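These numbers come from the heavy atoms of this one structure, side chains and all, not from hydrogens, waters or symmetry mates. Please read all numbers here as calculations on a predicted model, not as lab measurements.
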Amino acid sequence: MAFAVEYHVVSAPDSSNHYISLNGSPISVNNVAMDLIGGTAQAANDDFAVDGTRVKWDSTAYQLYSQIGYNDRIRIIYDRS
C-alpha cells in the first residue's frame, strides 16, 4: 500500500463547483478518508463522494453540500498503490 495524503485549501471555483481534484487516483473510491482541518472526519457516501480523481459534495444529498466554502482546509488520505 502506498498512501497519499493531500491538503487542499478550497478555492472560489472549488467552492462553487463543490469538488476538488486529487493529484492521483485512489485504488478504491470506497477507501478515501476526508477530514476538515479544525473540524471532524467525514463519512464517504454520506458527507462526500469520490468520482475518479474528484472528491465531491455536489448534491444536497451530501451533508457537506452547504458546509464547505472558500478557504476551508481539507485533508484527503487514499491508497494509490
* Are Phe3 and Met34 in one and the same hydrophobic cluster, where Ile, Leu, Val, Met, Phe, Trp and Tyr link if side-chain heavy atoms are under 4.5 Å apart? -> no
* To do: Decide whether Leu36 and Val5 are clustered together by the hydrophobic rule: side chain heavy atoms of Ile, Leu, Val, Met, Phe, Trp, Tyr closer than 4.5 Å, transitively.
  => no
* I would like to know whether His8 and Leu22 meet side-chain contact (heavy atoms from CB on, under 4.5 Å); could you show each step before the answer? => CA-CA 9 Å; His8 293 267; Leu22 299 172; 4.2 Å; yes
* Asked: Hey, mind stepping through Gln42 and Thr40 against side-chain contact (heavy atoms from CB on, under 4.5 Å) and telling me if it holds?
  -> CA-CA 6 Å; Gln42 304 303 309; Thr40 61; 3.3 Å; yes
* To do: Indicate yes or no: at least one non-hydrogen side-chain atom of Phe48 is less than 4.5 angstrom from one of Ile68.
  => no
Could you tabulate the donor-acceptor pairs under 3.5 Å formed by side-chain atoms of residues 72-80, not counting sequence neighbours?
residue: Asp72; atom: OD2; partner: Gly69; partner atom: N; Å: 2.7
residue: Arg75; atom: NE; partner: Asp35; partner atom: OD2; Å: 3.1
residue: Arg75; atom: NH2; partner: Asp35; partner atom: OD2; Å: 2.9
residue: Tyr78; atom: OH; partner: Glu6; partner atom: OE2; Å: 2.5
residue: Tyr78; atom: OH; partner: Gly24; partner atom: N; Å: 3.1
residue: Asp79; atom: OD1; partner: Ala2; partner atom: N; Å: 3.3
residue: Asp79; atom: OD1; partner: Ser81; partner atom: N; Å: 3.0
residue: Asp79; atom: OD1; partner: Ser81; partner atom: OG; Å: 2.6

Would you give me the side-chain donor-acceptor pairs under 3.5 Å for residues 52-64, sequence neighbours excluded?
residue: Arg54; atom: NH2; partner: Tyr19; partner atom: OH; Å: 3.3
residue: Trp57; atom: NE1; partner: His18; partner atom: ND1; Å: 3.4
residue: Ser59; atom: OG; partner: Ala61; partner atom: N; Å: 3.0

